[in-house]
Amino acid sequence: MDKQQRNSTMASNDPDPPHPSADPQPGDLIEIFRPAYQHWALYLGDGYIINLTPVDESPAAAVSSVKSVFSRKAVVRMQLLKEVVGSDSYRVNNKYDHNHTPLPICEIIQRAQVLIGQEVSYDLLGSNCEHFVTLLRYGEGVSEQATRAIGAISLVTAAASAFSVLGLINTRSRNRPF
């Protein structure tokens, strides 16, 4: 097992990590482990991937930018996988194949190539880099990261609402004259 495979296996907190493959194949989803999040790309072949990067940054600066998470627009770029990964680790992760049928590889690649250089909307919860690459692979945008984030936000909102209601009830009971 080479260093990249070892890193890609160890970097995941996924309870059932996919088996790392030595070489990504065209159409594969690539999960890149950044310090605070995972960035997603689609492997095109010959060492190149397609991915979303912030509009206002150069491709080199966008490689590890947290700014990309908060951007509202993104540019579709074709870049070398090794340059995008940098010192981070990655793995091939076609984790949605069990419940989504991948499109034919030639169609995935063709759909990806048409988008290179295009500016697209970006939304962390509704249209992020994982949504983008799964849309290319399956014809449907899916993001487990976004689903988890939405769940966490919903939980915090529900807890805040409950505390607010409890505070209101408590305040009303203290203000009663009887």
Between [X] and [Y], what is the shortest heavy-atom contact and its length?
| X | Y | value |
| --- | --- | --- |
| A112 | I50 | O-CD1, 3.1 Å |
| D97 | P102 | OD1-CG, 3.5 Å |
| N51 | A41 | CB-CB, 3.8 Å |
| L44 | P26 | O-CB, 3.7 Å |

Is there a side-chain contact between [X] and [Y] (heavy atoms, below 4.5 Å)?
| X | Y | value |
| --- | --- | --- |
| F132 | L115 | yes |
| P24 | I30 | yes |
| S143 | T134 | no |
| R91 | F33 | yes |
| L135 | R111 | yes |
| R72 | S121 | no |

(Q) Please report the interatomic distance OH(Y43) to CZ(R137), rounded to the nearest 0.5 Å. (A)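 Answer rounded to 0.5 Å: 14.0 Å.
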
(Q) To the nearest 0.5 Å, what is the distance between CG on L29 and SG on C129? (A)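 Between L29 CG and C129 SG, I get 11.0 Å after rounding to 0.5 Å.
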
Q. Hey, are E31 and K95 close enough for a salt bridge, meaning a charged N less than 4.0 Å from a carboxylate O?
A.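 Not counted as a salt bridge, because no side-chain N and carboxylate O are separated by less than 4.0 Å.
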
Q.
Do E130 and Y37 pair up side chain to side chain, a donor and an acceptor below 3.5 Å, judged on atom types alone?
A.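 There is no such pair between these side chains.
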
Q: Give a yes or no answer on whether the side chain of Q25 reaches the backbone of D23 with a donor-acceptor pair at less than 3.5 Å.
A: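 Side chain of Q25 to backbone of D23, a donor-acceptor pair under 3.5 Å: yes, one is there.
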
For [X], does the [atom1] atom have more than 12 heavy-atom neighbours from other residues, nucleotides or ligands under 6.0 Å away?
| X | atom1 | answer |
| --- | --- | --- |
| D46 | CG | no |
| E107 | CD | yes |
| Y48 | OH | no |

Q | Geometric class of the H100/Y138 ring pair [parallel <30°, tilted 30-60°, perpendicular >60°] | A |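 Aromatic pair Y138/H100 classed tilted.
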
Side-chain heavy atoms nearer than 4.5 Å, only ILVMFWY residues, links allowed to pass through others: does that put [X] and [Y] together?
| X | Y | value |
| --- | --- | --- |
| L42 | M78 | yes |
| L81 | V92 | yes |
| L136 | V120 | yes |

Q. Considering residues at least two apart in sequence or located in another chain, which fulfil the side-chain contact (heavy atoms from CB on, under 4.5 Å) criterion with V75?
A.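 In terms of side-chain contact (heavy atoms from CB on, under 4.5 Å), with neighbours along the sequence ignored, V75 is linked to T53, V55, R77.
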
Q: Check each of I49, D88, N93 against I32 using the side-chain contact (heavy atoms from CB on, under 4.5 Å) test, and report the only one that passes.
A: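 Exactly one option meets the side-chain contact (heavy atoms from CB on, under 4.5 Å) with I32, and it is D88.
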
**Q.** Test side-chain contact (heavy atoms from CB on, under 4.5 Å) applied to L52 and N128, V133, V76, the passing residue
**A.**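 One option only clears the test, and that one is V76.
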
